[in-house]
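Notes follow the structure.
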Number of protein chains: 2
Amino acid sequence: MTCVSEYSPQLHALGFRTTSQRMTILHVLRHAGGHLSPKQVYDLACREMPSLTEPTIYRTLEFLAENGLVLAAHVGNGKIVYELSNGNHHHLICRNCGRSLEIEHAPLQKLYRQLESSTGYKLDSSHVTFFGLCPGCQ
Amino acid sequence: MTCVSEYSPQLHALGFRTTSQRMTILHVLRHAGGHLSPKQVYDLACREMPSLTEPTIYRTLEFLAENGLVLAAHVGNGKIVYELSNGNHHHLICRNCGRSLEIEHAPLQKLYRQLESSTGYKLDSSHVTFFGLCPGCQ
DNA sequence: TGAACTATTGTAAAAACTTGCAATAAGGAT
DNA sequence: ATCCTTATTGCAAGTTTTTACAATAGTTCA
Ligand SMILES: [Mn+2]
Ligand SMILES: [Mn+2]
Ligand SMILES: [Zn+2]
Ligand SMILES: [Zn+2]
């Protein structure tokens with residue numbers, strides 16, 4: 001499945017345009033496979049499309065996150081990282097060594113339902129980050 | 001209880017120094033009472049101590065957070081805000097209108113224990129932010 | 001009290017991120 | 001295929017955050 005054939009219809013269905021900038025950024029995220037900072041996305045994307053500019057990177061990543069094509073994670077020190085959105089998951093990060101663990105959404109289900117019923121908010125389940133100390137660092 | 005008499009011993013006990021910059025920043029956070037961005041802290045703190053500089057604000061806020069005197073919250077778009085640490089709590093923020101709700105730690109207790117036993121990590125319970133849509137915005 | 005040690009701060013400059021606006025180009029209509 | 005509309009991008013300048021290093025000022029100890 002090529003990036004264009006996969007993401008172009010999604011964008012079109014939402015009423016947005018298919019641009020080479022967006023395709024390049026999505027391609028970079030898909031190929032990298034993990035969490036990337038805007039700077040990392042910029043550096044990688046510039047290799048494929050040297051005319052890309054920083055404002056476009058920041059705007060596009062935010063745009064893609066708002067529309068569910070990528071996931072934003074607020075790790076550590078308030079820096080944002082992005083990744084292609086493949087299923088709901090969360091993260092557990094060691095404050096000391098940075099080692100990070102992926103957590104399924106399942107164990108959070110009950111909590112989410114409980115919070116929804118007690119607050120009236122409708123939660124979206126994306127990408128919570130928990131902090132702690134890993135076994136090695138305790 | 002004055003700021004100096006309250007926080008100076010805490011800093012000292014941790015092996016750090018009492019400085020007028022730290023006292024001013026803590027005083028600002030205590031007086032304001034809610035979440036403040038570094039810029040807001042800077043503006044308020046400068047009124048009391050005009051010689052304060054931005055690097056000091058950023059460094060001090062991070063320092064105080066690392067040592068448990070203030071709490072950092074990673075709200076919305078990856079911006080960090082700070083507040084005096086008064087008891088564990090979490091936040092629930094509406095993605096649409098920004099309306100925010102404070103959540104007790106109690107409902108998360110069970111989840112935390114479950115994650116701890118399944119991952120081996122020792123979680124610290126500070127300041128998770130959940131997102132969703134408030135009743136009015138759904 | 002005063003010197004010594006060094007944690008902490010200010011300075012200057014860089015890097016990361018944002019903003020407003022004019023130029024471009026994607027998608028729909030003719 | 002060409003024109004039109006306007007969403008999207010690039011540009012230029014601003015703001016925020018970080019960094020490296022020299023100057024300052026808490027604290028300890030004589
Ligand atoms: Mn993730
Ligand atoms: Mn809070
Ligand atoms: Zn660790
Ligand atoms: Zn709302």
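Just so we're clear, the structure is a prediction, and the values are computed from it rather than from any experiment. Chain A is the first sequence line, chain B the second, and so forth, proteins listed ahead of strands; every chain is numbered from 1.
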Exercise. Do any of residues 44-57 of chain A sit with a heavy atom less than 4.0 Å from DNA chain D, and if so which?
Worked result: Ser51(A), Thr53(A), Pro55(A), Thr56(A)
Problem set entry | Aromatic ring proximity Tyr121(B)/Phe131(A), centre distance under 6.0 Å | no
Problem set entry | Phosphate contact (dA25(D) OP1 or OP2) by Gln21(B) side-chain N/O below 4.0 Å | no
Problem set entry | Parallel, tilted or perpendicular, as decided by the 30° and 60° cut-offs, for the rings of Tyr112(B) and Phe130(A) | perpendicular
For this session: Before accepting this row, confirm whether a basic side-chain N of the pair Glu6(B)/Arg30(B) lies closer than 4.0 Å to the acidic partner's carboxylate O.
Result: yes
Problem set entry | Whole angstrom value for the distance that separates P of dT8(D) from CD of Glu66(A) | 12 Å
Exercise. Does anything in residues 22-31 of chain B reach DNA chain D, meaning a heavy atom under 4.0 Å, and if so which residues?
Worked result: none
Seminar exercise, completed: Note: for Ile80(B) and Ser8(B) on DNA chain D, the residue whose nearest nucleotide lies more 5' is Ile80(B)
Exercise. Quick one: which of dA16(C), dG10(C), dT9(D) gets closest to the side chain of Arg59(A)?
Worked result: dT9(D)
For this session: Check the pair Lys39(B), Asp43(B) against salt bridge (Lys or Arg N to Asp or Glu O under 4.0 Å), reporting the backbone distance first and the verdict last.
Result: CA-CA 6 Å; Lys39(B) 180 66 163 39; Asp43(B) 289 342; 3.2 Å; yes
Exercise. Whole-Å distance between dA15(C) C1' and Gln40(A) CD?
Worked result: 15 Å
Exercise. Is the phosphate of dT18(C), meaning OP1 or OP2, less than 4.0 Å from a side-chain N or O of Tyr58(A)?
Worked result: no
For this session: Classify the side-chain pair Ser5(A)/Thr2(A) by whether it contains a donor and acceptor separated by less than 3.5 Å.
Result: no
Problem set entry | Whole-Å gap separating P (dC17(C)) and NE2 (His74(A)) | 14 Å
For this session: Carefully, step by step, assess His89(B) and Glu104(B) under the rule side chain to side chain contact (heavy atoms under 4.5 Å, CB included).
Result: CA-CA 5 Å; His89(B) 66 270; Glu104(B) 304 290 324; over 6 Å; no
For this session: Can you see which heavy atom on Leu52(A) is nearest to which on Tyr42(A), and at what distance?
Result: O-CE1, 3.6 Å
Problem set entry | Nearest-angstrom distance from the residue atom CD of Glu62(A) to P of dT8(D) | 14 Å
Problem set entry | Heavy-atom pair of closest approach, residues Pro38(B) and Leu61(B) | CA-CD1, 3.9 Å
For this session: Calculate the interatomic distance between Tyr42(B) atom OH and dT18(D) atom C1'; express it in whole Å.
Result: 15 Å
Problem set entry | Residues His74(A) and His127(A): side-chain donor-acceptor under 3.5 angstrom | no
For this session: Report the distance from atom CZ of Phe63(A) to atom C1' of dT18(C), rounded to the nearest whole Å.
Result: 19 Å
Problem set entry | Selection: residues 10-19 of chain B, any non-hydrogen atom under 4.0 Å of DNA chain D | His12(B), Arg17(B), Thr18(B)
Exercise. Have Glu48(A) and His27(A) got a donor and an acceptor in their side chains that come within less than 3.5 Å?
Worked result: yes
Exercise. Roughly how many Å is it from CG in Asp43(B) to P in dT15(D), rounded to a whole number?
Worked result: 13 Å
For this session: Can you see which heavy atom on Ala32(B) is nearest to which on Leu36(B), and at what distance?
Result: CB-CD1, 3.5 Å
